K.L.:
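My questions will all concern the structure given below.
The model shown is predicted, which means the values in this text are computed figures rather than measured ones. One-based numbering, in listed order, for ligands and for the atoms of each. In what follows, every heavy atom counts, from backbone to side chain, and hydrogens, waters and symmetry copies are set aside.
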Amino acid sequence: MAPVVDLQRSEKLYADDLYEKVRHAIPAIEWPVHAKEIDAIMALKRTRNAVILAHNYQTPEIFHCVADLVGDSLALAREAMTVDADVIVLAGVHFMAETAKLLNPDKTVLIPDLGAGCSLAESIRPEDVRLLRQAYPGVPVVTYVNTSAAVKAESDICCTSGNARAVIESLGVERVIMLPDEYLARNVAADTGVEVIAWKGHCEVHELFSAAEVRELREDYPGVVVLAHPECPPEVIAEADFAGSTAAMAAYVAHNRPARVVLLTECSMSDNVAIQYPELEFVRPCNLCPHMKKITLGNIRRALETMRHEVTIDPALAAPARRAVERMLAVK
Ligand code: SF4
């Protein structure tokens, strides 16, 4: 039976303090609706002994108001191993929930919407990896975490945008197969000197940015500092002042405090970083990830009420997939 939550009582818990933190990103008129959901979720987390892991691309009412642990794919993978709870709710997309399950096989992992996929994860199948291995015998397969557990199971080691270079260099080889993001592979190849055999997958959010758009931004917003995610096309990276993972972009803002800055990545990332630095001007060309935006406060609450949708992985795939993720996590 679903736990009962007293919304009337809990409305008093989240008033001015929490709203003060997010008021630059959430209109006051929307807040009462969010506040009720937030209070219900906080009560359910206690009842279920649950934690919520939220990716940087989640909206501020999730990222700043109900998440226990936040970060990019690498941070979430690492944090997932430290979780002391019976239930993990993954506020992100399906491959992230699978990674959390791989690293926490004894915990219940829930994703609030099963349709929260990823264009990169959908671009490649396990049989594609097997064919590549046949075409390039002996060449190690490095797989971006934005893939299914079945594809990870075919791989030697995983990587994220934050550690791709370190992972490739850790192998000590002259040539690797890097899947499935073509642009990340090309951008990493330019950095490492290692020959990279790439796949043709693209992130449907980052591939929309163009070099012409960067030049226009510089004309329209003089002095703007341009930070770009390495899933963007190489010509965008060439125009940017800095390229790095979502965690690296956030760190860049924290250390350099650029007066005017643009983050070429998913929209909510800027919203979430801007909340921390209200004194900085964030220029916001907005490319939304429709998969990330399937996660809402409402379906997080329902996931905790009903314990759906539980993420499970075939044990025959889980062991090799976990090995590829753990091998990545061992790279410093
Ligand atoms: S932003 Fe791109 S890589 Fe991330 S989940 Fe969405 S489609 Fe996948």
K.L.:
With a 4.0 Å cut-off on heavy atoms, is Glu231 in contact with ligand 1?
P.N.:
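In this structure, Glu231 qualifies as a contact of ligand 1 - some heavy atom is under 4.0 Å.
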K.L.:
Distance under 4.0 Å to a non-hydrogen atom of Asn146: what atoms of ligand 1 satisfy this?
P.N.:
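Near Asn146, meaning under 4.0 Å from one of its heavy atoms, ligand 1 has 3 (S).
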K.L.:
Where the side chain of Asp86 meets the backbone of Asn49, is there a donor-acceptor pair that is under 3.5 Å apart?
P.N.:
no
K.L.:
For Thr246 and His229, does a side-chain donor sit closer than 3.5 Å to a side-chain acceptor?
P.N.:
no
K.L.:
Could you list the atoms of ligand 1 found under 4.0 angstrom from a heavy atom of Leu120?
P.N.:
3 (S)
K.L.:
Is a side-chain N or O of Asp241 found less than 3.5 angstrom from the main chain of Val226, in a donor-acceptor match?
P.N.:
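At least one qualifying donor-acceptor pair exists.
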K.L.:
Students should be able to answer this: which protein heavy-atom is nearest to atom 6 (Fe) of ligand 1, and at what distance?
P.N.:
Cys289 SG, 2.4 Å
K.L.:
Taking Lys45 for the side chain and Val66 for the main chain, is one N or O donor matched with an acceptor at less than 3.5 Å?
P.N.:
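Yes.
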K.L.:
Which protein non-hydrogen atom lies closest to atom 4 (Fe) of ligand 1, naming both residue and atom, and how far is it?
P.N.:
Tyr57 CE1, 4.0 Å
K.L.:
At a 4.0 Å threshold, what atoms of ligand 1 neighbour a non-hydrogen atom of Val205?
P.N.:
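So the answer, numbered in order with elements, is 1 (S).
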K.L.:
Any N/O/S atom from Cys118 (main chain or side chain) under 2.8 Å of atom 6 (Fe) of ligand 1?
P.N.:
no
K.L.:
Under 2.5 Å between the sulfurs of Cys267 and Cys286, yes or no?
P.N.:
yes
K.L.:
Any N/O/S atom of Cys203 sitting less than 2.8 Å from atom 2 (Fe) of ligand 1, backbone or side chain?
P.N.:
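Cys203 does place an N, O or S atom closer than 2.8 Å to atom 2 (Fe) of ligand 1.
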K.L.:
Is the distance between the ring centroids of His206 and Tyr183 under 6.0 Å?
P.N.:
no
